[in-house]
Amino acid sequence: MENGIDGKVVAITGASSGIGEATALLLAKRGAKVVLGARRSDRLAALSDRIKAMGGEAAYILTDVKRKSDLLGLVELACARYGKLDVIINNAGMSQLSRIDDIDVDGWEEMIDVNLKGVLYGIAAALPVFRQQGSGHIINIMSTSGIKIVPMQGVYAGTKNAVRTVSEALRQESRGQWRVTGISPGFVQTELADHMKDPHIKAAIAKNMETLAISPDAIARAVAFAIEQPASVEVGDIVIRPTAQD
Ligand code: NDP
């Protein structure tokens, strides 16, 4: 089954739900060996079992992207189990929406730690392997929040835009050694809003999730598209949102 994905080793952060889980399933169905990271290891175990029951290959490790050493562990597992790392998908993320003048400093710090520093730690863990191999692919999950700036999403959008900036610099620095893809989803039906503290914002987002949001499979297909291209072809930025999203 030569499809540009079969046999590739793909590490995914935030694989325990939503976009990460859907992506792991799709890539495994297409023959990738997926290495799953997140904090809820019971969910990772269940996903890994599901993939194996389908005849796929999966391994998992508890990965909190706030810890540099956990990202190193994720990459090490890929290399130890499967002998290489072809792709890292920096997907783990969280959103704690609020007005900036609500001064939710803890929420800001958590978004910066997970959405920005977590991505940087993933890049830091993968690049030495990619450099040694002379190839690799970094896929960063960003957001349409970083494209259309609206109130309540300032710091979240800021973290996602910072990832966009990092991705573009990394692309230019690659000199053909690795590919970089940034994917910006719009509203997607996931658990992202479940952890929000402000009940009004949480309810508004939950309503959008019900009425507007698209399936995480749509994002998984975009990830697969970027991976399956020939090595000489780099897919840069992809924006995927519900047709009805403003
Ligand atoms: P989910 O809440 O369903 O998934 C988020 C994932 O991130 C979970 O697997 C969670 O796993 C993981 N995660 C959160 N914090 C950490 C952490 N500290 N360390 C490791 N993993 C962590 O939401 P989505 O699937 O929607 O989110 C995936 C990505 O998509 C995020 O980057 C998000 O910002 C982005 N996105 C989502 C949109 C949407 O509308 N849903 C729109 C645009 C972008 P666990 O708790 O087990 O650690």
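Start at 1 and go down the list; that is how both ligands and their atoms are numbered. Just so you know, residue 1 is the first one in the sequence shown, and it goes up from there.
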So which protein residues pack against ligand 1 under 4.0 Å, heavy atoms counted? G14, A15, S16, S17, G18, I19, A38, R39, R40, T63, D64, V65, N91, A92, G93, V114, I141, M142, S143, Y156, K160, P185, G186, F187, V188, T190, E191, L192, M209

E110/K66 salt bridge by N-O under 4.0 Å criterion: yes

Minimum heavy-atom distance between L85 and I88, given as atom pair plus value: CD2-CB, 4.5 Å

Going by the rule salt bridge (charged side-chain N to carboxylate O under 4.0 Å, His left out), which residues pair with E228 if we only count those two or more places apart in sequence or in a different chain? R30

For R40 and S17, which I'm curious about, is there any donor-acceptor pair between the side chains at under 3.5 Å? yes

Between S215 and Q189, is there a side-chain donor-acceptor contact under 3.5 Å, judged purely by atom types and distance? no

Indicate yes or no: does E109 engage K117 in a salt bridge with an N to O separation below 4.0 Å. no

